[in-house]
Amino acid sequence: MDFEDTPEEAEFRAEVQAWLKANAPKNASANAFSADLNEAEALKIAKEWQAKKADARYAKITWPREIGGMGGTPIQNVIYSQEEAKYALPGGFFDIGLGMCIPTLLTHGTPEQAERYTKPALYGEEIWCQLFSEPAAGSDLAGIRTRAEKDGDEWVVNGQKIWTSGAHYSDYGILVTRSNPDVPKHKGLTFFFLDMKTPGVEVKPIKQISGGANFNEVYFTDVRIPDSQRLGAEGDGWKVSLTTLMNERAAIGGGGGALGSDELLKLFRGIEMHDGPAINNMAVRERLADWYVQGQGLKYTRFRSLTALSKGETPGPENSIGKAVSAPRGQDYTSFALELMELGGMITDPDLAPLKAGFQSGWLFAPAMRIAGGTDEILKNIIAERVLGLPGEIRVDKDTPFNELPTGH
Amino acid sequence: MNFDFSDDQKLLKDQANKFLQDKCDLTVVRRILDGDELYEADVWKGIVEMGWTGTAIPEEYGGIGLGHLELCMIAEELGRSLAPVPFSSSVYLATEALLIAASEDQKQKYLPALAAGEMIGTLALNEGTQAATPRTIKASYSGGKISGTKLPVPDGDIANFAVVAVKTGSGSDEGAISLAVVDLTGEGVTRTPVTTLDPTRNLSNITFDNAPAELVGAEGSGWSTIRQVLDRAAVLTAFEQVGGADAALNTAKEYALGRYAFGRPIASFQAIKHKLADMYIKNELARSNSYYGAWALSTNAPDLPAAAAGARIAATDAFNFAAKENIQTHGGMGFTWEFDCHLFYRRAKLLSVSLGSALSWKDKLVSELEKRNAA
Amino acid sequence: MDFEDTPEEAEIRAEIRAWLSENAGKFDEGRDRSRPLTGREVIERSKAWQKIKADAGYAAITWPKEYGGMGGTSMQNVIYGQEEAKFNMPGNLFLIGIGMAMPTLMVHGTPEQRERFIRPALYGEEVWCQLFSEPGAGSDLANVRTRAEKDGDEWVVNGQKIWTSGAHYSDWGILVARTDPTKPKHKGLSYFLVDMKAPGVEAKPITQISGAHHFNEVYFENLRIPDSMRVGAEGDGWQVALTTLMNERQAVGNMGSSVGIEEFIELARQTELADGPAIRNAAVREKIADWHIQSEGLKYIRFMSLTALSRGETPSPRASISKAVNAPRKQDLSAFAMELMDLGGIVRDRELSPFRGRFQEEWIAAPGIRIAGGTDEIMRNIIAERVLGLPGDVRVDKDTPFNEQPTGF
């Protein structure tokens with residue numbers, strides 16, 4: 001047991017390091033994740049960088065070479081990510097397209113479609129978004145109501161999607177719709193992709209409680225999509241969606257932003273409690289220890305998965321605990337940090353609150369972490385069902401025609 | 001055994017509830033959240049007209065001379081409605097501090113004005129993002145002037161005057177702390193609103209530069225007064241927290257009953273049912289501990305410090321939990337600005353960090369238990 | 001707001017006190033205190049005290065006078081309980097008979113059954129036990145499989161019950177058995193009175209993890225019960241059982257040796273940790289405070305219920321949180337006490353362990369307390385459904401014939 005690269009991995013890492021050193025934007029790390037960098041600027045840098053990566057085949061290391069990948073292994077992908085992370089480049093714009101949309105298109109689209117869309121996505125020229133969730137269909141994705149009706153060679157789509165990341169800067173989207181409400185919910189869905197500039201598509205940002213707007217609502221009013229942009233058969237939309245979701249990465253998992261045990265320790269050293277410096281209070285120390293152990297547990301769980309990848313094996317299901325641990329943990333420790341600052345914990349002015357009010361913004365964002373990408377409750381269901389093999393909840397909605405299901409408000 | 005509020009007190013609670021539902025629903029709270037006003041002046045005016053500000057002020061000082069049980073009933077309703085008014089600062093903190101420690105002249109000067117709503121007061125304790133203790137209080141008083149910075153001060157930009165915790169001695173023990181009353185509209189005072197996690201209530205950054213001040217109570221007795229004020233405010237705040245927690249539970253329940261997933265209301269899934277049952281459990285533990293706090297406050301019982309700490313700890317836990325799990329029950333909609341869940345999340349945090357951290361109250365409670373155990 | 005009796009209550013309390021000081025005092029005189037009582041002697045003593053109470057009308061204060069009760073209020077009953085608790089009187093063997101079985105007969109029994117059973121139960125001449133739970137029917141009580149088959153004027157009973165308190169010294173039992181397995185589970189049950197001394201009844205003690213024997217298994221082998229001992233109509237057993245359960249008291253919640261905050265504080269004073277006395281450790285203090293507000297909260301909830309009773313009102317359902325709070329609290333408190341004792345925490349020897357090993361006894365009994373009389377989970381369901389009005393779980397077993405339901409192992 002050790003934490004070292006194998007000789008092959010070390011060699012690959014050296015190549016990656018050399019390439020990054022030669023090619024990564026020089027002063028990018030100065031802007032690292034900085035709030036000063038607005039989205040348009042970040043997008044511009046990200047697109048240029050993506051094109052460079054694609055040229056060097058680092059944009060999709062595990063993809064086959066014939067579609068622009070490197071034909072590499074998952075562990076090579078991990079090594080690249082570790083090295084790139086040291087440069088703190090703006091990212092995340094292409095994850096949905098390359099991670100979910102294009103793989104779906106490659107599986108269910110025509111060869112012409114694959115040819116047309118893969119390369120621009122890989123080079124960051126076209127950005128994709130995912131139009132799945134709806135106001136009435138979150139955890140229960142198959143409950144979507146956005147309606148697609150056939151009209152000759154086209155489909156007419158009406159309805160509303162929600163929680164769409166990046167809809168406002170995306171060029172294309174993948175879309176699940178209800179094409180037949182008279183059959184049970186999983187059977188009446190049809191899957192499309194569409195140009196986000198199509199008339200009738202309207203994107204509205206959603207203001208979160210943190211004040212930010214990472215997500216959008218997308219409204220469809222008589223949007224016409226050619227039948228040629230249907231992916232999978234009519235009524236097979238659920239199966240096609242599953243392909244997409246299997247590719248979904250647990251992208252959300254940090255919880256409480258970039259603050260961790262080090263920042264907590266720093267904070268607790270610096271503030272006084274009723275009985276002395278916070279760092280000397282045993283109730284504080286106990287929490288710090290608990291959170292540290294949770295953080296380390298997640299880190300070493302990832303190491304176990306990496307070891308499996310390094311051996312060419314499939315990692316076990318242990319990583320599925322990640323967000324179920326990290327999201328509530330983030331809420332707990334940011335909340336506790338505010339508590340120790342007493343009334344001053346309310347201050348969000350970055351000049352007045354420690355660590356530029358990082359704990360305050362972490363606490364405001366924490367509820368979203370516990371919900372987005374699978375609520376705590378859904379994640380525990382997934383662990384119970386997929387990892388432990390326990391039975392699913394009793395379903396009352398499987399065989400009833402969709403338009404006869406109760407809907408609430 | 002008569003461990004309940006009287007019918008008259010409950011009637012007062014109902015009236016408070018009706019008034020606030022009528023004049024201060026959550027759209028009113030949102031106006032303060034989104035706008036530049038520091039508080040809701042119309043609601044405050046109504047509160048003053050109904051005499052709530054003078055509830056516990058004796059009639060000889062212009063109050064209506066009811067008592068703290070009545071004040072608890074009002075507090076619960078203010079908590080439920082998340083009212084954006086400076087009631088707690090003026091009534092639980094400034095008024096109580098003056099009732100405990102002020103000279104007769106000071107009482108004559110301030111209490112009738114507080115009761116009549118002509119003045120709003122506050123207590124300026126904290127200095128920065130840490131606990132307010134005799135060691136961390138640096139603002140100083142000498143020769144009728146105070147200097148230093150208080151941050152944050154609740155409702156400090158609204159209040160006419162503040163009772164300020166200042167250093168008068170050289171050491172860092174309790175005897176070095178005194179209280180002084182300062183006119184916040186007078187010379188030597190600079191105040192600026194601070195941006196905070198709960199914009200529906202004002203917090204202020206106040207700098208005193210040789211501002212004229214007058215001691216409240218004997219020099220060196222400040223910390224002892226603060227302790228008594230905090231015990232009393234803890235009980236009243238606990239009722240606000242119970243009201244808020246109750247509202248958050250109801251909001252979560254209504255949503256869970258009406259939101260369908262997988263063909264059934266999400267309220268029929270045990271993950272949600274047990275969550276709401278846990279909220280209820282915490283709320284009822286908070287309510288019953290707060291009742292005991294109310295009794296101890298209203299009778300000035302020797303057990304008040306333990307009773308206040310118990311109410312405070314249970315109610316803080318209940319409101320924090322109900323507020324965060326209310327968002328969780330709402331799923332994605334819960335963290336949108338549009339839904340009201342975040343108003344509770346913000347207020348729960350404000351109330352939990354006001355008056356000192358839960359850990360400090362727990363420490364205090366155990367000290368009381370140790371005394372009892374030794375006896 | 002006060003904690004005083006009303007004038008009427010004060011009067012009743014004075015009467016009760018006078019009666020108790022006369023009778024309980026006399027009863028307790030002359031007891032040989034040099035050795036603990038044997039099980040047999042405890043039962044004899046209990047029966048003797050019950051007779052004295054019954055003669056004075058105190059055995060069942062809230063029962064109507066026609067059944068030998070006092071026709072008193074719940075508040076009078078509470079006052080009596082508070083006052084009797086001040087004496088060292090024998091524990092109550094008659095909870096099931098007087099608290100559950102007889103009230104059921106008052107509603108559903110025949111005149112002959114009431115005539116035959118109520119008076120002997122009241123006077124402590126006959127002890128009752130409850131034969132409801134089965135290995136395959138715990139939280140899901142309606143799932144009982146013990147079979148009763150009609151044979152002329154008799155029923156032949158075969159099967160097994162479990163968790164029966166006092167089966168070995170009881171004279172009679174109340175039994176729920178399945179009389180028609182082809183009906184859905186709630187509809188094929190009937191309710192009987194069982195002579196525990198009859199041939200075909202065998203009680204075997206269950207050894208709990210604590211080593212104690214509070215409960216029994218009871219086996220029935222061709223037990224014959226006359227049809228005259230059936231309570232309610234054939235097939236109505238579930239309805240009759242609900243009457244019994246509505247009368248069930250939260251007697252189980254206080255089971256065990258019960259060490260509390262007082263003892264814990266004392267322990268924390270005596271115990272040295274690495275950084276000084278445990279009582280000075282903020283993490284220890286935090287736990288003390290948390291447990292204290294829980295027990296205080298429950299105490300004040302009882303005060304609120306008493307206030308309602310005193311006013312002749314129905315208490316709020318908030319008392320239903322009691323067991324859900326208390327049971328895990330006992331487990332946490334005793335576990336943490338043992339933790340403070342370090343390796344010594346594992347010692348279960350009255351002579352060697354602090355507080356005569358009561359923390360250890362509490363800890364070993366705690367898992368049972370979280371289960372008996374309603375698991376933590378069932379208690380939360382009850383709060384959610386009966387107090388908050390949330391819907392029940394989706395049931396798949398309501399309409400299926402019992403003998404077609406899946407059973408597991």
Side-chain angles (χ1 to χ4, degrees), chain B residues 1-6 9 69 249-250 253 256-257 263-265 267-270 272-292 294-295 298-299 306-307 309-315 317 358-359 361-370 372-374, chain C residues 1-6 9 75 78-79 261-262 265-266 268-269 279 282 284-290 292-294 296-311 316-322 324-325 376-377 379-385 387-394:
Chain B
M1 179 69 59
N2 179 21
F3 190 58
D4 197 2
F5 291 87
S6 70
Q9 286 155 356
L69 291 178
L249 168 57
N250 278 325
K253 183 177 115 179
L257 284 168
R264 28 195 282 223
S268 72
F269 291 101
Q270 288 199 356
I272 297 294
K273 286 164 79 169
H274 289 191
K275 184 190 293 301
L276 298 192
D278 285 338
M279 282 191 212
Y280 178 79
I281 287 171
K282 284 178 188 288
N283 288 4
E284 289 307 318
L285 289 175
R287 184 184 303 278
S288 61
N289 275 289
S290 298
Y291 269 42
Y292 183 62
W295 171 80
S298 68
T299 57
R312 167 82 187 156
I313 295 161
D317 183 39
L359 277 186
W361 285 97
K362 288 176 180 180
D363 188 44
K364 203 183 229 186
L365 173 61
V366 176
S367 298
E368 294 298 323
L369 297 181
E370 281 186 274
R372 217 186 272 177
N373 181 262
Chain C
M1 194 180 264
D2 62 59
F3 300 99
E4 309 304 323
D5 284 337
T6 63
E9 288 162 9
M75 194 63 203
V78 167
I79 292 173
I261 285 288
E262 287 295 311
I265 291 177
E266 196 52 49
R269 278 178 191 281
I279 191 69
V284 175
R285 295 171 82 80
E286 176 173 34
K287 289 185 172 69
I288 294 174
D290 286 338
H292 177 75
I293 60 147
Q294 288 176 351
E296 289 287 289
L298 295 181
K299 179 169 113 189
Y300 301 129
I301 284 172
R302 284 195 300 277
F303 286 2
M304 290 156 133
S305 302
L306 286 182
T307 301
L309 287 179
S310 169
R311 293 178 180 171
S316 129
R318 61 169 66 91
S320 62
I321 72 169
S322 174
V325 175
D376 292 356
E377 292 72 24
M379 298 319 289
R380 280 173 172 72
N381 279 353
I382 289 174
I383 293 167
E385 292 168 24
V387 183
L388 299 176
L390 306 187
D393 229 309
V394 172

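Just so you know, these numbers use all the heavy atoms, side chains as well, and skip hydrogens, waters and symmetry mates. Order of the sequence lines fixes the chain letters, A, B, ..., with proteins taken first and strands second; residue numbering starts at 1 for each chain.
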Margin query: Please classify the contact between B:L276 and chain C as side chain, backbone, both or neither, with a heavy-atom cut-off of under 4.5 Å.
Written below: both
Next item on the list: Answer with side chain, backbone, both or neither: which region of B:L365 has an atom nearer than 4.5 Å to a non-hydrogen atom of chain C?
Entry: side chain
Note to self: Quick one about C:R318 and B:N283 (side-chain donor to acceptor, distance below 3.5 Å, no hydrogens or angles considered), yes or no?
What the structure shows: no
Next item on the list: Please assess B:I281 against C:R380 for the test side chain to side chain contact (heavy atoms under 4.5 Å, CB included), listing each intermediate value before the final yes or no.
Entry: CA-CA 9 Å; B:I281 287 171; C:R380 280 173 172 72; 4.0 Å; yes
Margin query: What part of C:V325 gets within 4.5 angstrom of chain B, counting heavy atoms only: side chain, backbone, both, or neither?
Written below: side chain
Item checked: Structural part of C:L298 lying under 4.5 Å from a heavy atom of chain B -> both
Checklist line | Reported CZ-to-OH distance for the pair B:F5 and B:Y291, which is rounded to 0.5 angstrom | finding: 5.5 Å
Item checked: Residue C:D290 versus chain B: region with a heavy atom under 4.5 Å -> side chain
Notebook entry, point to check: If you count heavy-atom pairs under 4.5 Å between each of C:E385, C:Q294, C:E9, C:R311 and chain B, which one has the most?
Noted result: C:R311
Next item on the list: Measure distances from C:E377 to the heavy atoms of chain B and classify the residue's part below 4.5 Å as side chain, backbone, both or neither.
Entry: both
Note to self: What part of B:S6 gets within 4.5 angstrom of chain C, counting heavy atoms only: side chain, backbone, both, or neither?
What the structure shows: neither
Check: Can you say whether C:E4 sits under 4.5 Å from chain B via the side chain, the backbone, both, or neither, judging by heavy atoms?
Finding: backbone
Margin query: Counting only non-hydrogen atoms closer than 4.5 Å, does C:V284 touch chain B with its backbone (N, CA, C, O), its side chain (CB onward), both, or neither?
Written below: neither
Check: If you take all heavy atoms of B:S290 and B:A311, which pair is closest and at what distance?
Finding: CA-CB, 3.8 Å
Check: C:R285 and B:S367: side-chain donor and acceptor closer than 3.5 Å?
Finding: yes
